[in-house]
Enquirer: 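Handing you this structure, nothing more for now.
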There are 2 protein chains.
Amino acid sequence: MQSSKDIGNGLIDGWIVQLRKGALEYCLMLALRRGESYGYEIIQALSEIRDLSVGESTVYPILARLKAEGFLKARLGRSGTGPMRRYFSLTEKGRIRLAMMDAYWPMLSDSIETLKKAAVRAVPGKGRCDNGKD
Amino acid sequence: MQSSKDIGNGLIDGWIVQLRKGALEYCLMLALRRGESYGYEIIQALSEIRDLSVGESTVYPILARLKAEGFLKARLGRSGTGPMRRYFSLTEKGRIRLAMMDAYWPMLSDSIETLKKAAVRAVPGKGRCDNGKD
DNA sequence: CCTTGCTACTTTGCATTGCGTACTACCTAT
DNA sequence: ATAGGTAGTACGCAATGCAAAGTAGCAAGG
């Protein structure tokens with residue numbers, strides 16, 4: 001049990017990857033909401049949360065992209081135990097974006113809940129317009 | 001206001017696209033949970049739910065793939081108003097998968113909630129290991 | 001007859017993204 | 001110098017959402 005994503009079998013394996021695509025970007029920004037942090041620490045922090053374990057090659061590109069887009073800013077700092085760390089923190093633009101994400105995420109959840117309850121207006125009876133023809 | 005996805009500005013525009021990856025697949029299977037339906041109807045049903053509006057070129061490929069993977073089965077039927085309809089419905093395999101998705105989705109939501117509350121173990125004080133150097 | 005418009009579905013092509021693998025660079029300890 | 005953990009980069013692949021355009025059947029209007 002290393003990759004916490006094998007819930008059932010491999011049936012939804014690929015789906016989870018796709019589902020997390022945009023969610024991870026949100027998670028990284030959430031991880032920086034309280035204050036600055038660096039890649040390695042974020043990776044470890046996320047790995048402690050169920051289903052959010054990620055690798056370096058997932059986190060660093062996202063951090064780099066968010067920085068390039070102006071949502072994060074970076075600062076170098078000594079680590080004492082290894083190479084220089086790159087501390088990331090949210091910019092104001094990033095905080096605005098995070099606020100929008102915070103607003104959008106529950107909307108999506110809500111829409112899905114709505115979908116769960118509301119049937120696609122398909123007739124509840126049974127087939128109505130084919131083999132019965134006429 | 002046609003594309004319900006412009007919440008703020010174009011700031012999270014691309015993010016939403018990524019976030020919906022995988023989620024749409026879930027939505028389509030949810031739409032078929034009650035019974036069979038066809039692409040066009042699903043599109044219209046989803047378009048009535050906030051933030052779930054999709055186009056044909058999004059839905060049909062997903063339906064085709066789900067069918068190819070054995071999660072859906074299809075059946076042709078006359079429509080009376082246009083060309084033949086392809087009615088999709090969940091297979092048993094699809095229902096199992098949908099159940100796993102139903103289990104996974106709240107887990108992801110929950111993990112994100114956890115992340116919102118739990119800070120990345122960064123020190124709450126302030127910087128601790130850089131410019132102060134030694 | 002021809003055109004417009006609605007329904008229903010398909011195809012092509014593109015841009016984005018997560019992530020596995022491999023690699024480099026830095027620091028400390030022995 | 002060598003070994004080991006830390007921090008980050010680079011390359012490449014496979015999926016996916018989605019816009020745009022095309023096809024095909026049916027109905028109403030000129």
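Numbered from 1 within each chain, the chains take letters A, B, ... in sequence-line order.
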Enquirer: Under a 3.5 Å distance rule, please check whether A:Lys67 uses its side chain to pair with a backbone N or O of A:Phe88 as donor and acceptor.
Expert: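 A pair under 3.5 Å: no.
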
Enquirer: Checking A:Arg85 side chain against A:Tyr40 main chain: does a donor-acceptor pair fall under 3.5 Å?
Expert: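 Side chain of A:Arg85 to backbone of A:Tyr40, a donor-acceptor pair under 3.5 Å: no, none is there.
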
Enquirer: For B:Glu56 and for B:Leu24, locate the closest nucleotide of DNA chain D by heavy-atom distance; then report the residue assigned to the nucleotide nearer the 5' terminus.
Expert: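 The 5'-side residue here is B:Leu24.
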
Enquirer: Taking CD1 from B:Ile43 and C1' from D:dG17, how many angstroms apart are they, rounded to a whole number?
Expert: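 My rounded result for the distance is 13 Å.
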
Enquirer: Could you tell me the separation between the CG atom of A:Leu19 and the P atom of D:dA15, rounded to a whole number of Å?
Expert: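 After rounding, the gap between these two atoms is 17 Å.
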
Enquirer: Does the base of D:dA19 carry an N or O that pairs as donor and acceptor with the side chain of B:Ser57 under 3.5 Å?
Expert: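 Such a pair is found, so the answer is yes.
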
Enquirer: Tell me whether the OP1 or OP2 atom of C:dT10 has a side-chain N or O from B:Tyr60 closer than 4.0 Å.
Expert: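 It does not, given that no N or O in the side chain of B:Tyr60 lies less than 4.0 Å from OP1 or OP2 of C:dT10.
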
Enquirer: For the side chain of A:Tyr40, starting at C-beta, report the closest nucleotide among C:dT17, D:dT6, D:dT16.
Expert: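 Ranking C:dT17, D:dT6, D:dT16 by closest atom to the A:Tyr40 side chain puts D:dT6 first.
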
Enquirer: Is the phosphate of D:dC18, meaning OP1 or OP2, less than 4.0 Å from a side-chain N or O of B:Arg20?
Expert: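 Affirmative; the distance criterion is met.
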
Enquirer: Using a strict threshold of under 4.0 Å (side-chain N to carboxylate O), is an ion pair present between A:Arg65 and A:Glu25?
Expert: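 Judged by the 4.0 Å cut-off on N to carboxylate O distance, A:Glu25 and A:Arg65 do form a salt bridge.
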
Enquirer: Rounded to whole angstroms, how far apart are CD on B:Gln18 and C1' on C:dG18?
Expert: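 Distance check: B:Gln18 CD to C:dG18 C1' gives 9 Å.
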
Enquirer: Would the distance check show the side chain of A:Thr91 and the main-chain N or O of A:Phe71 forming a donor-acceptor pair, the cut-off being under 3.5 Å?
Expert: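 Checked: pair present.
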
Enquirer: Is the distance from OP1 or OP2 of C:dA8 to the nearest side-chain N or O of B:Tyr38 less than 4.0 Å?
Expert: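 For B:Tyr38, the contact criterion (side-chain N or O under 4.0 Å from OP1 or OP2 of C:dA8) is met.
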
Enquirer: Counting side-chain heavy atoms from CB outward, which of D:dC18, C:dC19, C:dT17 is closest to B:Val17?
Expert: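 Comparing D:dC18, C:dC19, C:dT17 against the side chain of B:Val17, the answer is D:dC18.
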
Enquirer: For D:dG17, take OP1 and OP2 only and decide whether either is under 4.0 Å from a side-chain N or O of B:Thr58.
Expert: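 Checking B:Thr58 against D:dG17: no side-chain N or O falls below 4.0 Å of OP1 or OP2.
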
Enquirer: Answer yes when A:Asp102 and B:Lys116 have at least one side-chain N-carboxylate O distance shorter than 4.0 Å, and no when they do not.
Expert: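 Looking at B:Lys116 together with A:Asp102, the answer is yes, because their closest N to O distance falls below 4.0 Å.
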
Enquirer: Provide, to the nearest angstrom, the distance between the CG atom belonging to A:Leu76 and the C1' atom belonging to D:dT9.
Expert: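 For the pair A:Leu76 CG and D:dT9 C1', the rounded distance is 14 Å.
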
Enquirer: Compare the minimum distances between each of D:dT6, D:dG17, D:dC26 and the side chain of B:Arg78, then state the nucleotide with the smallest one.
Expert: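 Ranking D:dT6, D:dG17, D:dC26 by closest atom to the B:Arg78 side chain puts D:dC26 first.
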
Enquirer: How long is the line joining CG of B:Leu52 and P of D:dG17, in whole Å?
Expert: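 After rounding, the reported distance stands at 13 Å.
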
Enquirer: Given the rule in the salt bridge (charged side-chain N to carboxylate O under 4.0 Å, His left out) test, do A:Asp110 and B:Arg50 qualify, once you have shown the distances and angles that lead to the verdict?
Expert: CA-CA 9 Å; A:Asp110 190 59; B:Arg50 224 174 290 284; over 6 Å; no

Enquirer: In whole Å, what is the span from the NZ atom of A:Lys21 to the P atom of D:dG17?
Expert: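 So the two atoms are 9 Å apart, to the nearest Å.
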
Enquirer: Identify whether any heavy atom of A:Gly14 sits under 4.0 Å from a base atom; if not, whether one sits that close to sugar-phosphate; answer base, sugar-phosphate or nothing.
Expert: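 No contact.
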
Enquirer: Quickly work out the B:Tyr26 OH to D:dT16 P distance and round it to whole Å.
Expert: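 After rounding, the gap between these two atoms is 17 Å.
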
Enquirer: Please tell me if B:Thr81 has a side-chain N or O lying less than 4.0 Å from either OP1 or OP2 of C:dC6.
Expert: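 Answer is no, no contact under 4.0 Å.
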
Enquirer: Judged by each residue's nearest nucleotide on DNA chain D, which is more toward the 5′ side, A:Gly39 or B:Pro83?
Expert: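 Per heavy-atom nearest nucleotide, the more 5' residue is A:Gly39.
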
Enquirer: Measure from CH2 on B:Trp15 to P on D:dC18 and round the result to the nearest Å.
Expert: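 One finds 14 Å between P of D:dC18 and CH2 of B:Trp15, rounded.
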
Enquirer: Below 4.0 angstrom from OP1 or OP2 of D:dG8, is there any side-chain N or O of A:Arg85?
Expert: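 For A:Arg85, the contact criterion (side-chain N or O under 4.0 Å from OP1 or OP2 of D:dG8) is not met.
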
